[in-house]
Amino acid sequence: MSNGKRLTSQSEDFSAWYNEIVQQAELASHSPVRGCMVIRPYGYRIWELMQGALDGMFKATGHQNAYFPLFLPKSLLDREAEHVEGFAPETAIVTHAGGTKLEEPLVVRPTSEAIIWPILSDWIHSYRDLPVLLNQWANVVRWEMRTRPFLRTTEFLWQEGHTAHANEAEAEEETRRMLGVYRTFMEDWMAMPVVTGLKTDTERFAGALRTYACEGLMKDNKALQAGTSHSLGENFARAFDVRFQNEEGEHVYVWSTSWGVSTRLVGGLIMTHGDDEGLVLPPKLAPYETVIVPIWRDEEQHRLVLDASNRVKVDMEAAGIRVHVDDREGMNPGSKYYDWERRGVPLRLEIGPRDVQAESVMAVRRFTPEGSDRKTAMPLAGLGSRLRTFLDGIQEELLTAALARREAATVRGIEDYAEFQRLIEEQGGFVYTGWCGEADCEQNVKEETKSTIRVIPDEEFRSDGAPARCLCGAPSKGEVVRARAY
RNA sequence: CGGGGAGUAGCUCAGUCCGGCAGAGCACUGGCUUUGGGAGCCAGGGGCCGCGGGUUCAAAUCCCGCCUCCCCGACCA
(Lines give C-alpha, C1' and ligand atoms only; values in the text may rest on other atoms or scores of the structure.)
Protein backbone atom coordinates (compact mmCIF):
# COMPACT_ATOMS: atom_id res chain seq x y z
CA MET A 1 0.00 0.00 0.00
CA SER A 2 1.22 3.50 -0.78
CA ASN A 3 2.47 5.78 1.90
CA GLY A 4 1.72 9.43 2.27
CA LYS A 5 -1.43 11.25 1.39
CA ARG A 6 -0.48 13.59 -1.41
CA LEU A 7 2.02 13.83 -4.18
CA THR A 8 3.84 17.05 -4.89
CA SER A 9 1.90 18.52 -7.80
CA GLN A 10 3.38 18.56 -11.29
CA SER A 11 3.15 22.33 -11.53
CA GLU A 12 4.89 22.81 -8.19
CA ASP A 13 7.91 20.60 -8.88
CA PHE A 14 7.80 18.14 -11.76
CA SER A 15 11.00 16.36 -10.70
CA ALA A 16 9.74 15.82 -7.18
CA TRP A 17 6.42 14.60 -8.57
CA TYR A 18 8.25 12.10 -10.76
CA ASN A 19 10.42 10.77 -7.96
CA GLU A 20 7.45 10.42 -5.63
CA ILE A 21 5.43 8.53 -8.22
CA VAL A 22 8.27 6.09 -8.81
CA GLN A 23 8.41 5.42 -5.10
CA GLN A 24 4.74 5.51 -4.17
CA ALA A 25 3.47 3.48 -7.10
CA GLU A 26 6.20 0.98 -6.17
CA LEU A 27 7.81 1.06 -9.59
CA ALA A 28 11.44 1.18 -8.46
CA SER A 29 13.69 1.95 -5.54
CA HIS A 30 17.30 2.92 -5.08
CA SER A 31 20.11 0.47 -4.66
CA PRO A 32 23.37 0.63 -2.73
CA VAL A 33 25.19 1.15 -6.04
CA ARG A 34 25.39 4.62 -7.53
CA GLY A 35 22.90 5.28 -10.27
CA CYS A 36 21.45 1.78 -10.23
CA MET A 37 17.85 1.02 -9.39
CA VAL A 38 15.80 -1.92 -8.21
CA ILE A 39 12.85 -2.42 -10.51
CA ARG A 40 10.03 -3.55 -8.25
CA PRO A 41 7.41 -6.10 -9.32
CA TYR A 42 4.78 -3.54 -10.33
CA GLY A 43 7.29 -1.59 -12.41
CA TYR A 44 8.80 -4.73 -13.85
CA ARG A 45 5.36 -5.97 -14.90
CA ILE A 46 4.98 -2.83 -17.03
CA TRP A 47 8.36 -3.56 -18.61
CA GLU A 48 7.33 -7.19 -19.21
CA LEU A 49 4.19 -6.06 -20.99
CA MET A 50 6.31 -3.73 -23.13
CA GLN A 51 8.73 -6.55 -23.86
CA GLY A 52 5.93 -8.89 -24.83
CA ALA A 53 4.47 -6.45 -27.34
CA LEU A 54 7.83 -5.45 -28.82
CA ASP A 55 9.12 -9.00 -28.99
CA GLY A 56 6.05 -10.03 -30.94
CA MET A 57 6.58 -7.15 -33.36
CA PHE A 58 10.25 -8.04 -33.83
CA LYS A 59 9.37 -11.66 -34.59
CA ALA A 60 6.64 -10.56 -36.97
CA THR A 61 9.28 -8.64 -38.92
CA GLY A 62 11.50 -11.70 -39.14
CA HIS A 63 13.92 -11.23 -36.26
CA GLN A 64 15.24 -13.92 -33.95
CA ASN A 65 16.43 -13.51 -30.38
CA ALA A 66 19.95 -14.45 -29.35
CA TYR A 67 22.23 -13.63 -26.47
CA PHE A 68 25.79 -12.34 -26.49
CA PRO A 69 28.12 -11.92 -23.50
CA LEU A 70 28.04 -9.17 -20.92
CA PHE A 71 31.81 -8.68 -21.15
CA LEU A 72 33.77 -7.63 -24.16
CA PRO A 73 37.57 -7.62 -24.41
CA LYS A 74 38.74 -4.03 -24.41
CA SER A 75 40.67 -4.58 -27.65
CA LEU A 76 37.39 -5.30 -29.47
CA LEU A 77 35.74 -2.09 -28.31
CA ASP A 78 38.82 -0.24 -29.55
CA ARG A 79 38.41 -1.51 -33.12
CA GLU A 80 35.93 1.08 -34.40
CA ALA A 81 37.51 4.49 -33.82
CA GLU A 82 34.42 6.66 -33.55
CA HIS A 83 32.59 4.00 -31.55
CA VAL A 84 35.29 3.72 -28.89
CA GLU A 85 35.62 7.48 -28.70
CA GLY A 86 31.91 7.77 -28.06
CA PHE A 87 31.66 5.10 -25.43
CA ALA A 88 35.04 4.97 -23.68
CA PRO A 89 34.22 7.79 -21.22
CA GLU A 90 31.23 5.92 -19.87
CA THR A 91 32.40 2.32 -19.74
CA ALA A 92 32.96 0.23 -16.63
CA ILE A 93 36.05 -1.93 -16.93
CA VAL A 94 36.85 -5.13 -15.08
CA THR A 95 40.56 -5.37 -14.38
CA HIS A 96 40.61 -8.06 -11.72
CA ALA A 97 38.82 -11.39 -11.51
CA GLY A 98 39.42 -14.71 -9.84
CA GLY A 99 41.77 -13.05 -7.42
CA THR A 100 44.26 -11.92 -10.04
CA LYS A 101 44.78 -9.07 -12.44
CA LEU A 102 43.39 -9.88 -15.87
CA GLU A 103 45.78 -10.02 -18.78
CA GLU A 104 43.31 -8.02 -20.85
CA PRO A 105 40.71 -5.79 -19.20
CA LEU A 106 37.05 -6.61 -19.88
CA VAL A 107 34.58 -3.88 -20.70
CA VAL A 108 31.03 -4.24 -19.38
CA ARG A 109 28.98 -3.72 -22.53
CA PRO A 110 27.59 -0.22 -23.07
CA THR A 111 26.08 -1.72 -26.26
CA SER A 112 26.99 -4.92 -28.04
CA GLU A 113 28.24 -4.08 -31.52
CA ALA A 114 31.83 -4.80 -30.49
CA ILE A 115 31.08 -8.35 -29.36
CA ILE A 116 28.42 -9.22 -31.93
CA TRP A 117 30.25 -8.29 -35.13
CA PRO A 118 33.41 -10.36 -34.54
CA ILE A 119 31.13 -13.34 -33.98
CA LEU A 120 28.89 -12.63 -36.96
CA SER A 121 31.95 -12.40 -39.15
CA ASP A 122 32.27 -16.15 -38.59
CA TRP A 123 28.61 -16.76 -39.38
CA ILE A 124 28.46 -14.80 -42.60
CA HIS A 125 30.19 -16.15 -45.72
CA SER A 126 27.75 -15.94 -48.58
CA TYR A 127 25.01 -13.66 -49.83
CA ARG A 128 22.82 -16.67 -49.02
CA ASP A 129 23.54 -16.07 -45.31
CA LEU A 130 21.96 -12.62 -45.52
CA PRO A 131 20.11 -10.88 -44.13
CA VAL A 132 20.94 -11.71 -40.52
CA LEU A 133 18.17 -10.34 -38.34
CA LEU A 134 18.96 -10.59 -34.64
CA ASN A 135 17.65 -9.10 -31.44
CA GLN A 136 18.89 -9.41 -27.90
CA TRP A 137 17.20 -8.56 -24.60
CA ALA A 138 19.93 -7.55 -22.21
CA ASN A 139 21.28 -5.21 -19.59
CA VAL A 140 23.95 -2.66 -20.45
CA VAL A 141 26.06 -0.29 -18.36
CA ARG A 142 26.88 3.31 -19.12
CA TRP A 143 28.63 5.30 -16.43
CA GLU A 144 26.60 8.49 -16.51
CA MET A 145 27.31 11.60 -14.47
CA ARG A 146 23.76 12.12 -13.42
CA THR A 147 21.03 9.52 -13.14
CA ARG A 148 17.27 9.41 -12.68
CA PRO A 149 15.07 6.36 -12.16
CA PHE A 150 14.17 4.81 -15.53
CA LEU A 151 15.21 7.89 -17.53
CA ARG A 152 18.91 7.43 -17.07
CA THR A 153 20.40 4.75 -14.88
CA THR A 154 23.91 3.37 -14.82
CA GLU A 155 22.66 -0.11 -15.62
CA PHE A 156 19.55 -0.39 -17.71
CA LEU A 157 17.52 -3.05 -19.47
CA TRP A 158 16.89 -2.83 -23.18
CA GLN A 159 16.68 -4.66 -26.41
CA GLU A 160 19.23 -4.17 -29.14
CA GLY A 161 18.55 -5.29 -32.67
CA HIS A 162 21.51 -6.06 -34.89
CA THR A 163 21.13 -6.85 -38.54
CA ALA A 164 23.40 -7.47 -41.52
CA HIS A 165 22.41 -6.82 -45.13
CA ALA A 166 23.84 -7.26 -48.59
CA ASN A 167 23.61 -3.61 -49.59
CA GLU A 168 22.93 -0.12 -48.37
CA ALA A 169 19.37 0.06 -49.60
CA GLU A 170 18.33 -3.01 -47.62
CA ALA A 171 20.08 -1.79 -44.50
CA GLU A 172 18.42 1.60 -44.82
CA GLU A 173 15.05 -0.04 -45.33
CA GLU A 174 15.55 -2.11 -42.17
CA THR A 175 16.59 0.96 -40.18
CA ARG A 176 13.46 2.78 -41.25
CA ARG A 177 11.24 -0.27 -40.75
CA MET A 178 12.31 -0.66 -37.12
CA LEU A 179 11.88 3.04 -36.45
CA GLY A 180 8.34 2.53 -37.69
CA VAL A 181 7.89 -0.48 -35.41
CA TYR A 182 8.95 1.66 -32.46
CA ARG A 183 6.60 4.43 -33.45
CA THR A 184 3.71 1.98 -33.78
CA PHE A 185 4.51 0.53 -30.37
CA MET A 186 4.75 3.95 -28.73
CA GLU A 187 1.47 5.12 -30.22
CA ASP A 188 -0.60 1.94 -30.06
CA TRP A 189 0.65 0.52 -26.78
CA MET A 190 2.04 3.43 -24.78
CA ALA A 191 -0.44 5.96 -26.21
CA MET A 192 2.60 8.22 -26.53
CA PRO A 193 2.76 10.19 -29.78
CA VAL A 194 6.24 10.72 -31.18
CA VAL A 195 7.90 12.79 -33.85
CA THR A 196 10.25 10.70 -35.95
CA GLY A 197 13.20 11.89 -37.93
CA LEU A 198 16.92 12.00 -38.52
CA LYS A 199 19.44 13.01 -35.86
CA THR A 200 22.05 15.62 -36.65
CA ASP A 201 25.66 14.49 -36.94
CA THR A 202 26.46 15.66 -33.44
CA GLU A 203 23.61 13.59 -31.99
CA ARG A 204 24.35 10.55 -34.12
CA PHE A 205 25.22 7.17 -32.54
CA ALA A 206 28.97 6.70 -32.27
CA GLY A 207 29.96 4.76 -35.36
CA ALA A 208 26.73 5.17 -37.32
CA LEU A 209 26.17 6.68 -40.73
CA ARG A 210 22.72 7.90 -39.78
CA THR A 211 20.66 7.76 -36.59
CA TYR A 212 16.87 8.05 -36.61
CA ALA A 213 14.87 8.64 -33.47
CA CYS A 214 11.40 8.80 -31.96
CA GLU A 215 10.93 11.88 -29.80
CA GLY A 216 8.10 12.16 -27.31
CA LEU A 217 7.04 15.30 -25.48
CA MET A 218 6.61 14.94 -21.73
CA LYS A 219 4.07 16.79 -19.59
CA ASP A 220 6.67 19.32 -18.47
CA ASN A 221 7.20 20.14 -22.15
CA LYS A 222 10.63 18.55 -22.31
CA ALA A 223 11.43 16.09 -25.08
CA LEU A 224 12.38 12.48 -24.48
CA GLN A 225 14.34 10.44 -26.99
CA ALA A 226 12.38 7.22 -26.70
CA GLY A 227 13.96 5.00 -29.31
CA THR A 228 16.74 5.05 -31.88
CA SER A 229 17.49 3.16 -35.06
CA HIS A 230 20.90 3.34 -36.67
CA SER A 231 22.11 2.79 -40.19
CA LEU A 232 25.69 1.70 -39.54
CA GLY A 233 26.89 1.54 -43.11
CA GLU A 234 29.98 -0.59 -43.61
CA ASN A 235 31.67 0.91 -40.55
CA PHE A 236 31.41 -2.06 -38.23
CA ALA A 237 31.85 -4.57 -41.04
CA ARG A 238 35.17 -2.93 -41.89
CA ALA A 239 36.24 -2.72 -38.25
CA PHE A 240 35.41 -6.37 -37.57
CA ASP A 241 36.00 -7.73 -41.06
CA VAL A 242 32.49 -8.96 -41.77
CA ARG A 243 32.50 -9.87 -45.46
CA PHE A 244 30.55 -12.14 -47.74
CA GLN A 245 30.86 -13.39 -51.26
CA ASN A 246 28.21 -11.85 -53.49
CA GLU A 247 26.57 -13.38 -56.54
CA GLU A 248 29.42 -12.10 -58.64
CA GLY A 249 31.91 -13.89 -56.42
CA GLU A 250 33.37 -10.71 -54.94
CA HIS A 251 34.19 -10.39 -51.24
CA VAL A 252 32.30 -7.34 -49.97
CA TYR A 253 31.41 -5.86 -46.59
CA VAL A 254 27.94 -6.24 -45.10
CA TRP A 255 25.78 -3.23 -44.34
CA SER A 256 24.54 -3.28 -40.79
CA THR A 257 21.94 -1.69 -38.55
CA SER A 258 21.21 -1.53 -34.86
CA TRP A 259 18.20 -0.25 -32.97
CA GLY A 260 17.08 -0.13 -29.38
CA VAL A 261 14.59 0.90 -26.77
CA SER A 262 15.13 0.66 -23.04
CA THR A 263 13.51 0.83 -19.61
CA ARG A 264 13.59 4.57 -20.25
CA LEU A 265 10.22 3.94 -21.92
CA VAL A 266 8.73 3.38 -18.46
CA GLY A 267 9.82 6.92 -17.56
CA GLY A 268 8.27 8.17 -20.79
CA LEU A 269 5.03 6.45 -19.93
CA ILE A 270 4.96 8.05 -16.47
CA MET A 271 5.61 11.54 -17.82
CA THR A 272 3.23 11.25 -20.77
CA HIS A 273 0.09 10.38 -18.84
CA GLY A 274 0.66 10.80 -15.11
CA ASP A 275 -1.25 13.48 -13.19
CA ASP A 276 -1.34 14.97 -9.71
CA GLU A 277 -3.14 11.89 -8.36
CA GLY A 278 -0.39 9.59 -9.58
CA LEU A 279 0.35 7.25 -12.40
CA VAL A 280 -2.04 6.90 -15.34
CA LEU A 281 -1.51 3.72 -17.33
CA PRO A 282 -2.85 2.86 -20.77
CA PRO A 283 -4.83 -0.40 -20.50
CA LYS A 284 -2.48 -2.30 -22.80
CA LEU A 285 0.47 -1.77 -20.46
CA ALA A 286 -1.34 -1.81 -17.12
CA PRO A 287 -0.42 -4.74 -14.83
CA TYR A 288 -4.10 -4.65 -13.87
CA GLU A 289 -6.46 -3.12 -16.39
CA THR A 290 -9.18 -3.23 -13.78
CA VAL A 291 -9.29 -3.55 -10.02
CA ILE A 292 -12.46 -4.68 -8.31
CA VAL A 293 -13.12 -3.14 -4.90
CA PRO A 294 -15.75 -5.06 -2.92
CA ILE A 295 -17.70 -3.09 -0.34
CA TRP A 296 -19.44 -4.66 2.62
CA ARG A 297 -20.70 -4.03 6.14
CA ASP A 298 -21.23 -7.38 7.76
CA GLU A 299 -20.15 -10.95 7.20
CA GLU A 300 -23.18 -11.82 5.12
CA GLN A 301 -22.54 -8.89 2.79
CA HIS A 302 -18.85 -9.73 2.79
CA ARG A 303 -19.59 -13.19 1.37
CA LEU A 304 -22.15 -11.79 -1.03
CA VAL A 305 -19.96 -9.10 -2.60
CA LEU A 306 -16.82 -11.25 -2.67
CA ASP A 307 -18.75 -13.94 -4.44
CA ALA A 308 -20.11 -11.42 -6.94
CA SER A 309 -16.64 -9.89 -7.37
CA ASN A 310 -15.10 -13.23 -8.18
CA ARG A 311 -17.80 -14.00 -10.72
CA VAL A 312 -17.13 -10.65 -12.40
CA LYS A 313 -13.43 -11.43 -12.35
CA VAL A 314 -13.97 -14.73 -14.16
CA ASP A 315 -16.19 -13.01 -16.71
CA MET A 316 -13.57 -10.34 -17.35
CA GLU A 317 -10.67 -12.77 -17.62
CA ALA A 318 -12.67 -14.64 -20.23
CA ALA A 319 -12.83 -11.37 -22.16
CA GLY A 320 -9.03 -11.08 -21.95
CA ILE A 321 -8.84 -8.43 -19.24
CA ARG A 322 -6.12 -8.41 -16.57
CA VAL A 323 -8.11 -7.98 -13.37
CA HIS A 324 -7.49 -8.04 -9.63
CA VAL A 325 -9.94 -8.29 -6.74
CA ASP A 326 -8.77 -6.13 -3.83
CA ASP A 327 -10.21 -8.16 -0.96
CA ARG A 328 -7.96 -6.68 1.70
CA GLU A 329 -9.82 -6.52 5.02
CA GLY A 330 -9.54 -3.76 7.55
CA MET A 331 -8.95 -1.20 4.85
CA ASN A 332 -11.87 0.92 3.83
CA PRO A 333 -12.88 1.36 0.20
CA GLY A 334 -11.76 4.99 0.00
CA SER A 335 -8.19 4.01 0.89
CA LYS A 336 -8.22 1.37 -1.80
CA TYR A 337 -9.46 3.90 -4.36
CA TYR A 338 -6.57 6.24 -3.64
CA ASP A 339 -4.13 3.37 -3.63
CA TRP A 340 -5.06 2.10 -7.10
CA GLU A 341 -5.45 5.56 -8.54
CA ARG A 342 -1.89 6.31 -7.52
CA ARG A 343 -0.81 3.12 -9.29
CA GLY A 344 -2.58 4.19 -12.46
CA VAL A 345 -5.12 1.38 -12.84
CA PRO A 346 -7.31 2.46 -15.80
CA LEU A 347 -10.63 1.26 -14.42
CA ARG A 348 -12.05 0.46 -11.00
CA LEU A 349 -15.18 -1.54 -10.38
CA GLU A 350 -16.97 -0.96 -7.10
CA ILE A 351 -19.21 -3.80 -6.03
CA GLY A 352 -21.33 -3.32 -2.91
CA PRO A 353 -24.57 -4.83 -1.65
CA ARG A 354 -26.62 -2.31 -3.62
CA ASP A 355 -24.84 -3.28 -6.83
CA VAL A 356 -25.31 -6.98 -6.20
CA GLN A 357 -29.00 -6.28 -5.57
CA ALA A 358 -29.25 -4.28 -8.82
CA GLU A 359 -27.14 -6.81 -10.74
CA SER A 360 -24.75 -4.11 -11.78
CA VAL A 361 -21.35 -2.62 -10.91
CA MET A 362 -20.12 0.94 -10.58
CA ALA A 363 -17.31 1.52 -13.05
CA VAL A 364 -14.97 4.43 -12.32
CA ARG A 365 -12.38 5.45 -14.84
CA ARG A 366 -8.92 6.77 -13.94
CA PHE A 367 -8.51 8.93 -17.02
CA THR A 368 -11.53 11.15 -17.65
CA PRO A 369 -11.35 13.50 -20.64
CA GLU A 370 -13.76 16.41 -21.00
CA GLY A 371 -17.26 15.22 -21.73
CA SER A 372 -16.93 11.69 -20.36
CA ASP A 373 -18.45 10.46 -17.13
CA ARG A 374 -16.07 9.38 -14.42
CA LYS A 375 -18.57 6.96 -12.94
CA THR A 376 -20.93 4.70 -14.85
CA ALA A 377 -23.25 1.99 -13.55
CA MET A 378 -22.98 -1.09 -15.76
CA PRO A 379 -25.18 -4.19 -15.79
CA LEU A 380 -23.54 -7.52 -14.94
CA ALA A 381 -24.92 -9.15 -18.05
CA GLY A 382 -22.29 -9.10 -20.79
CA LEU A 383 -19.95 -7.07 -18.61
CA GLY A 384 -16.69 -8.70 -19.72
CA SER A 385 -16.99 -7.98 -23.41
CA ARG A 386 -18.44 -4.55 -22.74
CA LEU A 387 -15.51 -3.64 -20.53
CA ARG A 388 -13.05 -4.93 -23.11
CA THR A 389 -14.50 -2.40 -25.55
CA PHE A 390 -14.58 0.26 -22.85
CA LEU A 391 -10.90 -0.24 -22.00
CA ASP A 392 -9.93 -0.20 -25.66
CA GLY A 393 -11.74 3.14 -25.88
CA ILE A 394 -9.75 4.50 -22.95
CA GLN A 395 -6.56 3.39 -24.69
CA GLU A 396 -7.51 5.48 -27.73
CA GLU A 397 -8.59 8.46 -25.65
CA LEU A 398 -5.21 8.53 -23.95
CA LEU A 399 -3.44 8.78 -27.29
CA THR A 400 -5.85 11.45 -28.48
CA ALA A 401 -5.29 13.50 -25.35
CA ALA A 402 -1.51 13.09 -25.47
CA LEU A 403 -1.50 14.09 -29.12
CA ALA A 404 -3.59 17.18 -28.41
CA ARG A 405 -1.24 18.11 -25.58
CA ARG A 406 1.78 17.78 -27.84
CA GLU A 407 0.19 19.82 -30.61
CA ALA A 408 -0.73 22.53 -28.12
CA ALA A 409 2.93 22.64 -27.08
CA THR A 410 4.25 22.75 -30.64
CA VAL A 411 5.16 25.99 -32.39
CA ARG A 412 6.16 26.15 -36.04
CA GLY A 413 7.81 28.58 -38.37
CA ILE A 414 10.10 30.35 -35.91
CA GLU A 415 12.90 32.37 -37.52
CA ASP A 416 13.52 35.07 -34.95
CA TYR A 417 16.12 34.03 -32.40
CA ALA A 418 14.82 36.25 -29.61
CA GLU A 419 11.36 34.81 -30.04
CA PHE A 420 12.83 31.31 -30.04
CA GLN A 421 14.67 31.99 -26.80
CA ARG A 422 11.52 33.32 -25.21
CA LEU A 423 9.50 30.25 -26.32
CA ILE A 424 12.07 27.78 -25.02
CA GLU A 425 12.43 29.65 -21.75
CA GLU A 426 8.79 30.39 -21.06
CA GLN A 427 6.87 27.39 -22.37
CA GLY A 428 9.19 24.73 -23.74
CA GLY A 429 7.66 22.19 -26.08
CA PHE A 430 8.62 21.43 -29.67
CA VAL A 431 9.73 24.43 -31.68
CA TYR A 432 10.11 23.98 -35.44
CA THR A 433 12.72 26.22 -37.02
CA GLY A 434 14.98 26.33 -40.02
CA TRP A 435 18.60 25.24 -39.78
CA CYS A 436 21.63 26.32 -41.75
CA GLY A 437 23.14 22.86 -41.32
CA GLU A 438 26.22 24.11 -39.49
CA ALA A 439 27.39 22.26 -36.37
CA ASP A 440 28.78 25.48 -34.90
CA CYS A 441 25.39 27.12 -35.10
CA GLU A 442 23.77 24.04 -33.55
CA GLN A 443 26.28 24.18 -30.71
CA ASN A 444 25.76 27.90 -30.11
CA VAL A 445 22.02 27.56 -29.80
CA LYS A 446 22.51 24.61 -27.48
CA GLU A 447 24.82 26.55 -25.19
CA GLU A 448 22.70 29.65 -25.15
CA THR A 449 19.27 28.09 -24.76
CA LYS A 450 19.93 24.59 -23.35
CA SER A 451 17.78 23.30 -26.19
CA THR A 452 18.90 20.89 -28.87
CA ILE A 453 17.85 19.81 -32.32
CA ARG A 454 15.80 16.74 -31.54
CA VAL A 455 15.34 15.59 -35.13
CA ILE A 456 15.24 16.67 -38.71
CA PRO A 457 11.61 15.60 -38.97
CA ASP A 458 10.27 12.98 -41.37
CA GLU A 459 8.08 14.31 -44.12
CA GLU A 460 4.71 13.86 -42.44
CA PHE A 461 5.79 16.04 -39.52
CA ARG A 462 7.18 18.88 -41.59
CA SER A 463 5.43 22.23 -41.76
CA ASP A 464 3.62 23.38 -44.88
CA GLY A 465 5.68 26.51 -45.11
CA ALA A 466 9.02 25.83 -43.51
CA PRO A 467 11.17 28.79 -42.40
CA ALA A 468 13.49 30.11 -45.06
CA ARG A 469 16.08 31.14 -42.52
CA CYS A 470 17.96 29.51 -39.67
CA LEU A 471 17.93 31.07 -36.19
CA CYS A 472 21.36 32.51 -37.03
CA GLY A 473 19.92 34.35 -40.01
CA ALA A 474 21.63 32.24 -42.66
CA PRO A 475 19.50 30.51 -45.29
CA SER A 476 17.86 27.33 -43.97
CA LYS A 477 18.79 24.00 -45.51
CA GLY A 478 15.88 22.23 -43.88
CA GLU A 479 13.44 22.24 -41.03
CA VAL A 480 14.38 20.95 -37.56
CA VAL A 481 12.52 20.26 -34.32
CA ARG A 482 14.10 21.86 -31.29
CA ALA A 483 13.38 21.40 -27.60
CA ARG A 484 14.91 21.11 -24.21
CA ALA A 485 15.26 17.42 -23.55
CA TYR A 486 15.92 14.75 -20.95
C1' C B 1 33.48 15.90 -12.02
C1' G B 2 32.18 21.47 -10.08
C1' G B 3 28.37 24.28 -6.91
C1' G B 4 24.26 23.63 -3.35
C1' G B 5 21.13 20.43 -0.08
C1' A B 6 20.39 15.83 2.46
C1' G B 7 21.20 10.72 4.84
C1' U B 8 17.98 8.90 12.18
C1' A B 9 12.14 2.78 12.06
C1' G B 10 9.24 0.55 5.67
C1' C B 11 7.94 6.21 4.42
C1' U B 12 8.08 11.61 5.87
C1' C B 13 10.83 13.87 9.37
C1' A B 14 12.14 16.03 14.72
C1' G B 15 16.44 15.57 17.79
C1' U B 16 22.60 17.68 15.93
C1' C B 17 23.78 24.43 17.09
C1' C B 18 24.92 23.64 23.15
C1' G B 19 27.69 15.53 23.68
C1' G B 20 24.29 12.50 28.67
C1' C B 21 18.21 6.45 28.24
C1' A B 22 16.54 6.57 20.40
C1' G B 23 11.69 9.98 19.20
C1' A B 24 6.84 11.48 16.41
C1' G B 25 3.21 10.83 12.46
C1' C B 26 1.98 7.41 8.81
C1' A B 27 2.96 2.20 7.62
C1' C B 28 3.36 -2.89 10.10
C1' U B 29 1.44 -7.09 13.97
C1' G B 30 -2.70 -8.79 17.40
C1' G B 31 -7.71 -7.85 19.34
C1' C B 32 -12.44 -5.42 19.07
C1' U B 33 -15.49 -2.05 16.44
C1' U B 34 -15.71 -0.38 11.32
C1' U B 35 -16.09 -0.33 5.64
C1' G B 36 -20.21 3.52 -0.99
C1' G B 37 -13.63 8.54 -1.21
C1' G B 38 -7.54 8.41 2.70
C1' A B 39 -11.60 4.59 9.77
C1' G B 40 -11.55 4.36 15.51
C1' C B 41 -9.97 2.42 20.25
C1' C B 42 -6.59 -0.76 22.97
C1' A B 43 -2.12 -3.54 23.05
C1' G B 44 2.50 -4.53 20.47
C1' G B 45 6.87 -5.23 17.10
C1' G B 46 10.51 -2.67 14.63
C1' G B 47 16.97 1.20 14.84
C1' C B 48 24.80 -0.55 12.97
C1' C B 49 21.19 7.18 13.88
C1' G B 50 24.71 5.91 5.73
C1' C B 51 29.97 3.52 6.37
C1' G B 52 34.97 3.75 8.55
C1' G B 53 38.30 6.11 11.75
C1' G B 54 39.30 9.86 15.64
C1' U B 55 38.29 13.08 20.22
C1' U B 56 35.74 12.04 25.00
C1' C B 57 34.09 9.04 31.21
C1' A B 58 30.22 9.31 27.41
C1' A B 59 29.01 10.58 20.23
C1' A B 60 22.94 10.49 16.20
C1' U B 61 25.25 15.14 18.06
C1' C B 62 32.21 17.36 17.73
C1' C B 63 36.64 16.28 14.02
C1' C B 64 38.67 13.58 9.49
C1' G B 65 37.87 10.31 5.34
C1' C B 66 34.52 7.69 2.27
C1' C B 67 29.62 6.14 0.23
C1' U B 68 24.64 7.19 -1.45
C1' C B 69 20.47 10.30 -2.82
C1' C B 70 18.18 15.08 -4.48
C1' C B 71 18.65 20.04 -7.12
C1' C B 72 21.71 23.17 -10.66
C1' G B 73 25.76 22.74 -14.51
C1' A B 74 29.27 19.90 -18.07
C1' C B 75 28.24 14.23 -20.47
C1' C B 76 24.29 10.99 -22.21
C1' A B 77 19.28 6.02 -24.21
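Just so we're clear, the structure is a prediction, and the values are computed from it rather than from any experiment. Chain naming here is simple, since letters A, B, ... match the order of the sequence lines and numbering starts at 1 in each.
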Name the nucleic acid region contacted by A:P89, choosing base, sugar-phosphate or nothing; use a 4.0 angstrom heavy-atom cut-off, strictly under. nothing

For the pair A:F240 and A:F236, name the ring-plane relationship: parallel under 30°, tilted 30 to 60°, perpendicular over 60°. parallel

Nearest-nucleotide wise, let me know which of A:D13 and A:E299 is further upstream toward the 5' end of RNA chain B. A:E299

Decide yes or no, distance alone: a donor-acceptor N/O pair under 3.5 angstrom between the base of B:G10 and the side-chain of A:R40. no

Over all strands shown, is A:K336 touching base, sugar-phosphate only, or nothing at heavy-atom distances under 4.0 angstrom? nothing

Just call it for A:G260: base, sugar-phosphate, or nothing, with non-hydrogen atoms closer than 4.0 Å on any strand. nothing

For B:G37, does the base pair up with any side-chain atom of A:E341 as donor and acceptor (N or O, under 3.5 Å, distance only)? yes

Taking only the P atom of each, what is the distance from B:G65 to B:G20 in whole angstrom? 24 Å

Need the pair for B:G30. Rule: Watson-Crick or G-U wobble, both distances under 3.5 Å, any strand; none if unpaired. B:C42

Name the nucleic acid region contacted by A:T452, choosing base, sugar-phosphate or nothing; use a 4.0 angstrom heavy-atom cut-off, strictly under. nothing

Take atom C1' in B:G10 and the same atom in B:G47, then report the distance between them in whole Å. 12 Å

Ordered by number, residues from residues 180-219 of chain A within less than 4.0 Å of RNA chain B (heavy atoms) are none

I want to know whether A:W259 and A:H63 have ring centres closer than 6.0 Å. yes

Between A:H83 and A:A206 (side chain of the first, backbone of the second, donor and acceptor by atom type, cut-off under 3.5 Å), is there such a pair? yes

Looking at A:L27, is its backbone amide N or carbonyl O close enough to the side chain of A:R40 to form a donor-acceptor pair, meaning the two atoms are under 3.5 Å apart? no

Looking across every strand, which nucleic acid part, if any, lies under 4.0 Å from A:Q225 by heavy atom: base, sugar-phosphate, or nothing? sugar-phosphate

